[in-house]
Amino acid sequence: MTKPCILCCAITGSVPTKADNPAVPTTVSEQVESSHAAVEAGASIIHAHVRNDDETPTSDPDRFALLKEGLEKHCPGVIIQFSTGGRSGAGKDRGGMLPLRPDMASLSVGSNNFPTRVYENAPDLIDWLSSEMIKYEITPEIEAFDLSHILHAIKMSEEGRLYGKLYVQFVMGVKNAMFADREVFDFYVKMMQERAPGAEWCAAGIGPNQIVVNEWAIAAGGHTRAGLEDNVRLDRQTLAPSNAALISRAAELCEKYERPVATPAEAREILGLRTI
């Protein structure tokens with residue numbers, strides 16, 4: 001298999017703090033530094049959340065603007081992907097950073113359970129976020145926590161309600177949502193191949209499932225995500241020393257399956273993004 005594999009680094013997220021792992025980058029300067037090391041290790045997409053000074057999550061556009069400026073300066077060419085996730089804000093605040101025109105933004109197209117609450121994505125909010133992405137020419141990364149999310153994203157793409165090339169990420173291993181189940185994973189891949197053959201897909205595993213799902217995705221010809229947002233450990237006893245360490249593990253799997261790691265320029269071409 002010679003198709004380059006896109007490695008996305010989810011650097012921070014909304015949940016893990018320095019109490020969980022001191023390597024979690026929560027300030028903008030830490031995030032830029034951690035991103036640079038992850039890009040050096042093979043990441044071509046930086047999936048970004050921002051935090052307040054007390055480490056709580058926020059959708060503050062000013063903080064996203066500072067992060068974008070830092071990434072463009074210190075990680076030239078990297079694909080910048082902002083999160084519109086529900087832990088960082090409510091309603092249209094979740095898309096308040098979209099006028100900054102990142103290359104990509106996450107988009108959840110359905111609701112599901114999270115460990116302690118419902119992750120609510122109402123149809124009108126989904127439509128507003130997707131229309132804002134069209135307005136600012138931002139390619140969404142569909143975060144699919146369930147089969148219905150995959151099928152709905154395909155339908156939205158066919159109807160012209162998503163900007164750019166369809167890119168779906170299977171998120172597996174969130175407590176109370178979809179398990180990291182190999183049979184389910186294989187069915188997801190089958191659905192993408194049959195229903196959206198021109199699309200691209202990737203997969204992310206949460207906690208100890210990260211390395212497992214990384215390997216499934218790389219072996220199956222898809223792309224994958226790693227990083228401290230999803231997993232703060234290398235194993236049960238060992239904290240991950242950095243985002244770069246988790247990306248390096250995924251890159252080693254690419255070598256195992258004889259797949260080149262995509263450069264940012266190659267990833268832009270595969271995903272149909274604007275060139276830099």
Side-chain angles (χ1 to χ4, degrees), residues 1-13 16 21 23-25 30-49 67-68 70-83 102-104 106 139 141 167-172 200-235 238-273 275-276:
M1 191 182 304
T2 59
K3 181 179 181 178
C5 179
I6 298 170
L7 301 182
C8 173
C9 187
I11 56 172
T12 302
N21 183 332
V24 175
E30 288 173 342
Q31 290 174 320
V32 172
E33 182 178 0
S34 186
S35 296
H36 178 78
V39 171
E40 291 289 308
S44 53
I45 300 176
I46 297 299
H47 174 76
H49 296 241
L67 179 56
K68 184 171 184 281
L71 291 174
E72 289 172 342
K73 179 178 179 180
H74 296 285
C75 307
V78 76
I79 297 168
I80 299 173
Q81 182 188 104
F82 286 164
S83 172
D103 301 293
M104 302 183 75
S106 65
T139 297
E141 179 195 74
Y167 189 49
V168 176
Q169 176 178 257
F170 318 146
V171 184
M172 310 189 84
E200 296 289 335
W201 62 269
C202 64
I206 307 303
N209 298 300
Q210 182 170 98
I211 191 65
V212 175
V213 175
N214 286 162
E215 185 157 13
W216 292 352
I218 292 165
H223 311 292
T224 198
R225 170 170 128 168
L228 292 166
E229 171 177 352
D230 300 335
N231 171 41
V232 297
R233 296 182 176 275
L234 290 177
D235 55 47
T238 312
L239 291 175
S242 63
N243 276 302
L246 297 171
I247 290 294
S248 292
R249 290 202 309 178
E252 289 169 1
L253 288 171
C254 290
E255 184 176 359
K256 174 181 176 180
Y257 290 97
E258 300 182 346
R259 290 191 62 188
V261 175
T263 66
E266 288 172 331
R268 286 181 180 278
E269 183 177 359
I270 292 168
L271 298 178
L273 304 179
T275 58
I276 297 297

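Below, each value reflects all heavy atoms present in this structure, side chains not excepted, and no hydrogens, waters or symmetry copies.
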Note to self: Quick check against the 3.5 Å criterion: does Asp230 have a side-chain atom that pairs as donor or acceptor with the backbone of Gly227?
What the structure shows: no
Item checked: Nearest heavy atoms of Trp201 and Gly221, plus distance in Å -> CZ2-C, 4.3 Å
For residues 70-80, tabulate all N or O donor-acceptor pairs below 3.5 Å that involve a side-chain atom, not counting sequence neighbours.
unit_1, atom_1, unit_2, atom_2, d
Glu72, OE2, Lys68, NZ, 2.8

Check: Any donor and acceptor pair, going by atom type alone, linking the side chain of Asn209 with main-chain N or O of Met172 inside 3.5 Å?
Finding: no
Note to self: Could you tell me if the side chain of Ile46 sits less than 4.5 Å from the side chain of Val39, heavy atoms only?
What the structure shows: yes
Margin query: Quick one, Val261 and Cys5 - any side-chain contact, counting heavy atoms below 4.5 Å?
Written below: no
Next item on the list: Indicate the atoms forming the closest heavy-atom contact of Ala38 with Cys9, along with that distance.
Entry: CB-SG, 3.8 Å
Checklist line | Heavy-atom side-chain proximity of Ile206 to Asn231 below 4.5 angstrom | finding: no
Item checked: side-chain contact (heavy atoms from CB on, under 4.5 Å) against Thr238, all qualifying residues, sequence neighbours excluded -> Leu234, Asp235
Notebook entry, point to check: Taking the side chain as C-beta and beyond, is there a heavy-atom pair between Met104 and Leu271 under 4.5 Å?
Noted result: yes
Next item on the list: Could you grab the distance from atom CZ of Arg268 to atom CD1 of Ile45, nearest 0.5 Å is fine?
Entry: 9.5 Å
Item checked: Asn21/Leu228 under side-chain contact (heavy atoms from CB on, under 4.5 Å): CA gap, chis, key distance, verdict -> CA-CA 9 Å; Asn21 183 332; Leu228 292 166; 3.9 Å; yes
Next item on the list: Not counting sequence neighbours, which residues clear side-chain contact (heavy atoms from CB on, under 4.5 Å) with Pro264? List them please.
Entry: Ser44
Checklist line | Closest non-hydrogen atom pair between Asp103 and Leu273, with its separation | finding: O-CD2, 4.2 Å
Next item on the list: List in chain and number order the residues that pass side chain to side chain donor-acceptor pair (under 3.5 Å) with His49, two or more places apart in sequence or in another chain; answer none if no residue qualifies.
Entry: Ser14, His47, Ser83, Glu229
Next item on the list: For the pair Arg233 (side chain) and Pro208 (backbone), establish whether a donor and an acceptor sit closer than 3.5 Å, ignoring hydrogens and angles.
Entry: no
Notebook entry, point to check: Side-chain contact, heavy-atom cut-off 4.5 Å: Arg259 with His223?
Noted result: yes
Notebook entry, point to check: Thr224: what forms a side chain to side chain donor-acceptor pair (under 3.5 Å) with it, not counting sequence neighbours?
Noted result: Asn214
Margin query: If the condition is salt bridge (charged side-chain N to carboxylate O under 4.0 Å, His left out), which residues does Glu40 pass it with, not counting sequence neighbours?
Written below: none
Checklist line | ring pair (Phe, Tyr, Trp, His ring centres under 6.0 Å) partners for Tyr167, two or more places apart | finding: none
Note to self: Can you tell me how far apart SG (Cys254) and CG (Leu7) are? Round to the nearest 0.5 Å.
What the structure shows: 5.0 Å
Notebook entry, point to check: Between Ala48 and Leu67, what is the shortest heavy-atom contact and its length?
Noted result: CB-CD2, 3.5 Å
Next item on the list: Report the residues that fulfil side-chain contact (heavy atoms from CB on, under 4.5 Å) with Glu30, sequence neighbours left out, ordered by chain and then residue number.
Entry: Lys18, Pro25, Thr26, Thr27
Notebook entry, point to check: For Arg249, which residues count as a side chain to side chain donor-acceptor pair (under 3.5 Å) partner, sequence neighbours excluded?
Noted result: none
Item checked: Partner residues of Val212 under the side-chain contact (heavy atoms from CB on, under 4.5 Å) criterion, sequence neighbours left out -> Trp216
Notebook entry, point to check: Is the backbone of Glu266 close enough, under 3.5 Å, to the side chain of Glu269 for a donor and an acceptor to pair up by distance?
Noted result: no
Check: Is any side-chain heavy atom of Arg225 closer than 4.5 Å to a side-chain heavy atom of Glu141?
Finding: yes
Notebook entry, point to check: Minimum heavy-atom separation for Tyr257 to Ala219, with atom names?
Noted result: CE2-CB, 3.6 Å
Margin query: I'd like to check the side chain to side chain donor-acceptor pair (under 3.5 Å) partners of Ser34; sequence neighbours left out, ordered by chain and number.
Written below: Asn243
Next item on the list: Please report the shortest heavy-atom distance between Ala203 and Val213, naming the atom on each side.
Entry: CB-CG1, 3.5 Å
Next item on the list: State which residues pass salt bridge (charged side-chain N to carboxylate O under 4.0 Å, His left out) with Glu200; sequence neighbours excluded, sorted by chain then number.
Entry: Lys3, Lys165
Notebook entry, point to check: Can you find a heavy atom in the side chain of Ile211 that is under 4.5 Å from one in the side chain of Leu253?
Noted result: yes
